Amino acid sequence: MYRQGDILIVPVAEDAVPASVRALPPAARDGRGRMVLALGEATGHAHALTAPGELRRDPNPLAPDHLWLPSGGRLAHEEHAAISLPKGWYRVIRQREYVPGAVRVVAD
Amino acid sequence: METVDRASLLLSWQSAAFATGAADRPTAEAGIAAAYTAAGLPVPERFVWVGSPAAGAVAAAALGGHADALRAAGLDVPDLPPAGASVRDAVRTRPWEEVRAQAHAALGTDGWPRAWADTGALLWDPVNSVVTRVRAAIGGLAEPVETVLRAATLDAVLGQQDAPWLAQFDALGLLEPLRGLAGAARSAGWWWPYENLVIVAERPVELHRDEPGRLHRGDGPAVAWPDGFALHAWRGMPIPADFVRTLDGLTPERIRAEENAELRRVMLEIYGYDRYLAESNATPLHRDETGVLWRIDLPDDEPVVMVEVVNSTPEPDGTSRTYYLRVPPATRTAREGVAWTFGVDETDYRPQAQT
């Protein structure tokens, strides 16, 4: 698994990817052709990849998204060193913080 | 639909929702007029511009027959010509319901929540939390007329804060029937449509949010409108207007003595967890290669348990930023705390690369 700031990328075996995830449509890329895993609200800084592949966003905002990289890729962010990801499937998990009575997601 | 650049679309509606600065009055009035026309109604004769949603709610409540009560409660009530009945249902609710039904029919029971999760839901929480705060603050303007004022806020078309739904319909290519409402949303604040006139509120002159998007400011109002109506907040928590200024010379003793748990949390954050820990001679609960686990006990509240995490990528000056994340109070080890923040098991949390 790989951590870039507030994002954890966990490899998933190909046959362990749920059918419900495979059935999701791939999320659209942004204007620069990037798959944006998470976007900081205020800074606009993004955890993003330009590699071939697909991002499957779970309809439940608290559930992890899935990322498929058929030939690997380089995860970039304005404030963190890039991370090279081998080819394969990944779960993309956003860091959260405990709030009494609620849980809030961290965004850097 | 797949070719829509969703991130750009979302960002543009997000900036509309939180836009500050003078309304674009001609565009807003043209949009509102188009919404009347689309609803089969004659274009209203007058647009009455007000300096905040609070002033708009007071005007709307006055039109609803509560002018005397509002004046008796000490509020400034504008003199308005006869407005006729509210036409909010025809201008906003009905066309919006039609488009939503159309989207629902096209996408089905699975597709609709998926589409909403992908677009509208991402804007809903941050926008709705502001709307909820504004409504509460308007209700709080004068206690004897609280119910009347709150009801008036529910009669408003939310203008710029209709952005989550408009972004949703935009992403689905269904915005055309709502073109007028969308034009008004990109140009003005809340508005109240009547047969003969429209009350339209200006946008805020300033609006400050923290990284996760919550209203937040320490040295002034988090949101303020041109007529002086304003909200104060610290990381989303409502605070009294002068609260932060009264915290000069704050001490750990004073923090412990504060009886309101929410305000005490604000005091702790402003004072700084690290400083509080240092000055109260706290010792870490646990330390390992993932970080340090700290605990602060508070009277009549659950303890604050936090992991101190090091950002692995150094800052430009070569230092490494540490940050504190609150974790459930029962957490026992630093690794368990960090693993919890990512929703994974303590034993499974082994990153092979961190930046």
Side-chain angles (χ1 to χ4, degrees), chain A residues 1-11 20 23-36 39-46 48 57-64 75-77 79-85 91 93-108, chain B residues 1-11 14 110-111 113-118 121-122 125-126 171 209-214 235-236 261 265 301-302 304-306 309 311-315 321 323-329 331 337-338 340-344 348-355:
Chain A
M1 64 177 68
Y2 308 83
R3 181 171 79 102
Q4 187 177 58
D6 55 2
I7 292 281
L8 191 70
I9 314 275
V10 183
S20 59
L24 292 171
R29 292 182 177 240
D30 76 352
R32 293 152 62 185
R34 305 181 302 172
M35 289 184 283
V36 178
L39 195 62
E41 283 237 22
T43 56
H45 291 169
R57 280 193 195 280
D58 195 285
N60 173 359
L62 295 177
L75 179 64
H77 187 278
E79 291 164 349
H80 298 277
I83 293 181
S84 284
L85 298 171
R91 269 190 301 140
I93 306 171
R94 299 208 53 181
Q95 197 162 32
R96 61 186 172 160
E97 186 172 14
Y98 174 78
V99 177
V103 166
R104 72 187 187 211
V105 169
V106 179
D108 72 358
Chain B
M1 215 187 298
E2 297 304 331
T3 58
V4 170
D5 175 356
R6 202 182 55 91
S8 305
L9 182 147
L10 267 174
L11 282 172
Q14 177 178 288
D110 291 341
R114 191 180 298 155
W116 174 252
D118 221 25
L122 302 175
D125 284 343
R209 300 192 301 146
D210 66 0
E211 282 286 340
R214 300 161 299 183
R235 300 197 199 283
R265 279 173 208 149
D301 198 4
E302 58 181 282
V304 178
V305 176
M306 290 165 300
V309 187
N311 222 350
S312 306
T313 301
E315 301 289 298
R321 191 167 70 98
Y323 60 102
Y324 290 83
L325 291 174
R326 197 163 170 184
V327 294
T331 307
V338 176
W340 181 90
T341 66
F342 288 115
V344 302
D348 294 341
Y349 184 69
R350 309 274 158 186
Q352 61 205 82
Q354 304 197 57
T355 66

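Just so we're clear, the structure is a prediction, and the values are computed from it rather than from any experiment. These values consider heavy atoms only, across backbone and side chains, with no hydrogens, waters or symmetry-generated copies.
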Next item on the list: Check each atom of Val344(B) against the heavy atoms of chain A and say whether the ones under 4.5 Å are side chain, backbone, both or neither.
Entry: side chain

Margin query: Using only atom types and a distance under 3.5 Å, with no angle test, would you say the side chain of Arg96(A) pairs donor to acceptor with the backbone of Trp340(B)?
Written below: yes

Check: Which of these, Gln95(A), Met1(A), Arg94(A), sits in a side chain to side chain contact (heavy atoms under 4.5 Å, CB included) with Phe342(B)?
Finding: Gln95(A)

Next item on the list: Check whether Ile7(A) gets within reach of chain B through its side chain, its backbone, both or neither, counting any heavy atom under 4.5 Å.
Entry: backbone

Check: Hey, what do you get for CG (Asp6(A)) to OH (Tyr323(B)), rounding to the nearest 0.5 Å?
Finding: 6.5 Å

Note to self: Taking Arg326(B)'s backbone N and O only, do any of them form a donor-acceptor pair with Glu97(A)'s side chain (distance below 3.5 Å, no angle check)?
What the structure shows: yes

Margin query: Using the salt bridge (charged side-chain N to carboxylate O under 4.0 Å, His left out) criterion, which residues pair with Arg91(A)? Sequence neighbours excluded.
Written below: none

Item checked: Distance in Å, Asp30(A) CG paired with Leu9(B) CG, rounded so as to fall on 0.5 Å steps -> 12.5 Å

Next item on the list: Kindly compute the distance separating OH (Tyr98(A)) from OG1 (Thr331(B)), expressed to the nearest 0.5 Å.
Entry: 9.0 Å

Margin query: If I measure from the heavy atoms of chain A, does Val305(B) come under 4.5 Å with its side chain, its backbone, both, or neither?
Written below: neither

Checklist line | Derivation of the side chain to side chain contact (heavy atoms under 4.5 Å, CB included) call for Gln352(B) and Ile83(A) | finding: CA-CA 11 Å; Gln352(B) 61 205 82; Ile83(A) 293 181; over 6 Å; no

Item checked: Spacing of CZ belonging to Arg3(A) relative to OG1 belonging to Thr341(B), to within rounding of 0.5 Å -> 8.0 Å

